[in-house]
Amino acid sequence: MAKIDITFPDNSVKKFEQGTTGLQIAESISSSLAREVLSVSINGELWDLNRPINTDATIKLHKWEDNEGKYAFWHSSAHLMAETLEFFYPGIKFGIGPPIEQGFYYDVELPDGKVITDADFPKIEARMKELAGQKNGYERKDVSKKEALTYFTEKGDEYKIELINELEDGSISLYHHGAFTDLCRGPHLSDTGKIKAVKILSIAGAYWRGDVKRKQLTRVYGITFPKQEMLDTYLDMLEKAKERDHRRIGKELELFTFSQKVGAGLPLWLPKGAFLREKLEGFLRKVQVKHGYEPVISPHIGQKELYITSGHWEKYGKESFRPIATPIEGEEFMLKPMNCPHHCEMYKFKPRSYKDLPVRYAEFGTVYRYEQSGELHGLTRVRGFTQDDAHIFCRPDQLKEEFIKVIDIILLIFKALDFNDYTAQISLRDPKNRDKYIGSDENWEKAEQAIIEATKEKGLKNTITAVGEAAFYGPKLDFLVKDVIGRKWQLGTIQVDYNLPERFELEYIGADNMRHRPVMIHRAPFGSMERFVAILIEQTGGKFPLWLAPDQAVIIPVSEKFNEYAEKVLNFLNNYDIRTLIDQRSEKLGKKIRDNELKKIPYLLIVGEKEMTGNTVSVRKQGEGDKGSMDMKQFAEFLKKSEEQELNHK
RNA sequence: GCCGAUGUAGCUCAGCUGGUAGAGCGCUUCCUUGGUAAGGAAGAGGUCACGGGUUCAAUUCCCGUCAUUGGCUCCA
């Protein structure tokens, strides 16, 4: 029998029999490794553990801790679930069933009018575990296109047939385990026995191949683990995540609410929420003034013609709030879905010189879009929202510099609010599909280069490039963050636009005394106040920095024993929690202080806020009035001093 | 918009197979209490999302609408 050389990640080389499997190699190292290993990379390609290796190869074994390990584990689990579903629903048709970030799903078409509901989950879980216990091996079989087509035609699985038809002959493989065979590239676990804990999570409709026009299949989501304990931990984590849900905290802290009567997706900001939001707005306003922005204000509606010019009518017209009629026949207004058209008209109100640029118009502009009902979600997806919008009209040669300045603002905000967990996505056009975009190649290249360079110069971490994700009018840079359930949301965005200046015929007179077209940058550091506050709530769990606190001040009674309180108060201020605050400020406490304790308390601390400079505390001594405000450090010293004085007295 | 689930007091929820509703927290009043973000007593608060149907009778069954929600599609 011939021998082959297997190279390990540490570059050591060992000889094995030809036809050895990854699992056997793992066994040769240790039996515990063999138990834990889930998949293997052969020459960088992900393989099954029991697929024979016939040539010299580099090898990497994957355990649960590796994404490759989880991938195989959940992929095999999807097959196991498919086997189970076929058992309960004979005649079921299968779409695709891939592993995902957390678990896996399978798209299926149930036979004649059958439905799966959450009530069916337990029996599916039980059966899956039962089948897993049989420790059926996953067997790979390379087949010809014809063979594959024959198999699935006989089975009547039209979705698989469609998939096979798009595959190249010679690259097709089937995987078989237990009573189930699937079209699959692999890799899979050695057998089902590794799957110990199973949870069916939810079901949903999903269009075949993501196409609304095609049939909607039933998507069954599940997750599995090699240990029951891990599933328990996972479910526990999900529960904990719910506690930080902005919808829950928003209600608890009385930040915002919705009313069925007012309408879906139209948030009502309650006093505390409005305070929080205004604090954020105020902060950005100041920053913007420093950066040369000029606040402007535009109306909430505009003539339909305005949006025809801007192109938004075409994009939003049908799917938006219907135009508003006036007493004049044929006159129509629209609720604004964007602020840009108004700002363009502002730019146009007088001739501009190249010396005037850049012009930066900023507005907290409320816009209305009739989002699909199924899309609405707390504050993150609503129908009326306020963008912290601004439009920069600049010369092409100013683009990069302006872009960098916008990144600076976004980073400043993220820093001030301790947002570290974000992804910056550079969205470029798809070079294969140039027709989809407007504007000259030259401008596109300049703009994309400007974004790429600006991003690099700012040293943005977690940057990804998404080709084909650009807007049709220009490339952009988006800042994405995840909510508690792991869903990604776009917050800050910077977009380069050549379209609107064209459509609105914006111009400036250059040094050459000729007319030129300015470039426009749309930007919104927060994205929208609604979504930003939602994410802020979830990131902080409702424990906002004090300068964002929805109360202007808090009164803390302090007895003679300063030392007892010093730590408590400092701790309180450092771990500021609105819930604590609300308790502290409750009538009960206030009443108590008034009724029986006030006279005994020599000092009242009035804790206020000062954005960006930290918390301030003013101390009032009974009968002596305000002793002035101080920052945290001063306050700590004050406490210490007072304590010493007190001791000296005694 | 589509597929599924949900909609009971301010909040979190119970209410099995139909006979007009409960608990905990919160709220109000009073009492107790120098350890107290405490205890006790009494009380207020719900046309059981809305509309229709089946039934002698519906919160409970059926249909529709609205809202919320997990996804899909779409987007800040």
Side-chain angles (χ1 to χ4, degrees), chain A residues 95 100 105 107-110 115-121 200-221 238 242-243 245 247-248 251-254 257-266 315-316 318-320 337-339 365-389 469 471 476 478-481 485-495 522-535 557 559 564 579-590 592 596-597 600:
Chain A
I100 52 177
Y105 68 78
D107 283 347
V108 298
E109 186 187 332
L110 293 160
V115 286
I116 301 179
T117 68
D118 4 357
D120 300 317
F121 292 179
I200 303 300
L201 295 169
S202 64
I203 42 170
Y207 301 106
W208 172 235
R209 319 216 83 175
D211 189 343
V212 200
K213 292 186 201 94
R214 305 200 61 179
K215 187 143 185 160
Q216 192 165 44
L217 306 179
T218 303
R219 179 168 294 180
V220 187
Y221 284 90
L238 282 187
K242 272 191 205 155
E243 282 168 24
D245 192 307
R247 292 165 296 186
R248 180 197 174 104
K251 193 187 262 182
E252 253 174 45
L253 302 188
E254 298 185 3
T257 187
F258 289 89
S259 145
Q260 198 169 327
K261 234 174 199 154
V262 171
L266 300 170
K315 188 163 161 53
Y316 288 99
K318 271 216 177 80
E319 305 299 323
S320 195
M338 329 203 90
N339 303 301
T366 306
V367 296
Y368 299 90
R369 301 177 191 172
Y370 198 81
E371 302 293 349
Q372 297 182 50
S373 59
E375 264 312 322
L376 299 177
H377 179 92
L379 275 189
T380 49
R381 195 74 187 273
V382 290
R383 284 179 174 160
F385 58 98
T386 302
Q387 296 178 310
D388 53 326
D389 216 351
E469 285 294 307
K476 55 180 185 163
D478 293 327
F479 290 80
L480 311 169
V481 297
I485 336 179
R487 276 184 293 215
K488 270 191 183 175
W489 295 98
Q490 179 187 320
L491 291 182
T493 179
I494 319 174
Q495 310 182 356
H522 308 246
R523 45 108 276 183
F526 291 143
S528 80
M529 300 313 296
E530 285 73 11
R531 186 176 286 177
F532 191 84
V533 167
I535 299 296
S559 78
E564 236 177 66
R579 274 165 287 204
T580 319
L581 184 64
I582 290 166
D583 287 345
Q584 296 280 3
R585 279 174 66 81
S586 70
E587 264 308 295
K588 214 188 236 169
L589 183 67
K592 201 179 280 172
N596 45 27
E597 287 198 39
K600 296 182 202 163

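Each chain gets a letter, A, B and so on, in the order its sequence line appears, and its residues count up from 1. Hydrogens, waters and symmetry mates are skipped; everything else that's a heavy atom, side chains included, is used.
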query = Do the numbers put Arg219(A) on top of the ring of Tyr105(A), so that NZ or CZ is under 6.0 Å from the six-membered ring centre and no more than 45° off the axis?
reply = yes

Using side-chain contact (heavy atoms from CB on, under 4.5 Å) as the criterion, list what pairs up with [X], not counting sequence neighbours.
{"X": "Leu376(A)", "result": "Ala264(A), Glu371(A), Arg383(A)"}
{"X": "Lys488(A)", "result": "Leu480(A), Lys482(A)"}
{"X": "Gln260(A)", "result": "none"}
{"X": "Thr493(A)", "result": "Asp478(A), Gln490(A), Gln495(A), Ala524(A)"}

Expressed as a whole number of Å, how far does the [atom1] atom of [N] sit from that of [M]?
{"N": "G70(B)", "M": "C50(B)", "atom1": "C1'", "result": "24 Å"}
{"N": "U20(B)", "M": "C56(B)", "atom1": "C1'", "result": "14 Å"}
{"N": "G43(B)", "M": "G22(B)", "atom1": "P", "result": "14 Å"}
{"N": "A5(B)", "M": "A23(B)", "atom1": "P", "result": "31 Å"}
{"N": "C48(B)", "M": "U32(B)", "atom1": "P", "result": "41 Å"}
{"N": "G4(B)", "M": "G40(B)", "atom1": "P", "result": "49 Å"}
{"N": "C61(B)", "M": "C25(B)", "atom1": "C1'", "result": "34 Å"}
{"N": "A44(B)", "M": "A49(B)", "atom1": "C1'", "result": "23 Å"}

message = Using salt bridge (charged side-chain N to carboxylate O under 4.0 Å, His left out), reason through Asp211(A) and Arg209(A) one step at a time and then give a plain yes or no.
response = CA-CA 5 Å; Asp211(A) 189 343; Arg209(A) 319 216 83 175; over 6 Å; no

key: Residues in contact with RNA chain B, drawn from residues 257-266 of chain A - heavy-atom cutoff 4.0 Å   =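 Those residues are Gln260(A), Ala264(A), Gly265(A).
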
key: Which residues share a ring-ring contact (aromatic ring centres under 6.0 Å, His included) with Phe385(A), sequence neighbours left out   = none

query = Listed by chain and number, what are the ring-ring contact (aromatic ring centres under 6.0 Å, His included) partners of Phe258(A), not counting sequence neighbours?
reply =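 Scan of Phe258(A) (ring-ring contact (aromatic ring centres under 6.0 Å, His included), adjacent residues dropped) gives none.
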
message = With a 4.0 Å cutoff (strictly under), does any side-chain N or O of Arg247(A) reach OP1 or OP2 of U69(B)?
response = yes

key: Shortest side-chain distance from Gln387(A), nucleotide among U68(B), G1(B), A76(B)   = A76(B)

inquiry  = Of the listed nucleotides (C11(B), U68(B), C74(B)), which one gets closest to any side-chain atom of Lys251(A)?
reply    = C11(B)

How would you label the contact of [X] with the nucleic acid (heavy atoms, under 4.0 Å): base, sugar-phosphate, or nothing?
{"X": "Arg219(A)", "answer": "sugar-phosphate"}
{"X": "Arg487(A)", "answer": "sugar-phosphate"}
{"X": "Tyr221(A)", "answer": "sugar-phosphate"}
{"X": "Val367(A)", "answer": "nothing"}
{"X": "Leu491(A)", "answer": "sugar-phosphate"}
{"X": "Gly365(A)", "answer": "nothing"}
{"X": "Glu371(A)", "answer": "base"}

Gap between atoms [atom1] and [atom2], on [X] and [N] respectively (whole Å):
{"X": "Leu376(A)", "N": "C74(B)", "atom1": "CG", "atom2": "C1'", "result": "12 Å"}
{"X": "Ile100(A)", "N": "G70(B)", "atom1": "CD1", "atom2": "C1'", "result": "12 Å"}
{"X": "His377(A)", "N": "A67(B)", "atom1": "NE2", "atom2": "P", "result": "17 Å"}
{"X": "Glu530(A)", "N": "A76(B)", "atom1": "CD", "atom2": "C1'", "result": "9 Å"}
{"X": "Arg383(A)", "N": "G1(B)", "atom1": "CZ", "atom2": "P", "result": "7 Å"}
{"X": "Gln372(A)", "N": "U68(B)", "atom1": "CD", "atom2": "C1'", "result": "17 Å"}
{"X": "Glu252(A)", "N": "C11(B)", "atom1": "CD", "atom2": "P", "result": "12 Å"}
{"X": "Lys213(A)", "N": "C74(B)", "atom1": "NZ", "atom2": "P", "result": "10 Å"}

Identify the heavy atoms of [X] and [Y] that sit nearest to each other, and give their distance.
{"X": "Arg487(A)", "Y": "Trp489(A)", "value": "O-CD1, 3.5 Å"}
{"X": "Leu266(A)", "Y": "Gly384(A)", "value": "CD2-N, 3.8 Å"}
{"X": "Phe121(A)", "Y": "Leu201(A)", "value": "CE1-O, 3.7 Å"}

Could you run down the sub-3.5 Å N/O contacts of the protein with nucleotides 3-5 of chain B?
{"residue": "C3(B)", "atom": "O4'", "partner": "Gln216(A)", "partner atom": "OE1", "Å": "2.7"}
{"residue": "C3(B)", "atom": "O2", "partner": "Gly205(A)", "partner atom": "N", "Å": "2.8"}

key: Pair of N/O donor and acceptor under 3.5 Å linking G71(B) base with Tyr207(A) side chain   = no

ask   = With a 3.5 Å cut-off and just heavy-atom distances, do the side chain of Arg381(A) and the base of C74(B) make a donor-acceptor pair?
value = yes

[X]: partners by side chain to side chain donor-acceptor pair (under 3.5 Å), with sequence neighbours left out:
{"X": "Asp388(A)", "answer": "none"}
{"X": "Thr366(A)", "answer": "Thr386(A)"}
{"X": "Arg369(A)", "answer": "none"}

message = For a stem of at least 3 consecutive Watson-Crick or G-U pairs with distances under 3.5 Å, i pairing with j, i+1 with j-1 and so on, which stems involve RNA chain B?
response =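 Ordered by first number, the stems with RNA chain B (at least 3 consecutive pairs each) read B:1-7 with B:66-72, B:10-13 with B:22-25, B:27-31 with B:39-43, B:49-53 with B:61-65.
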
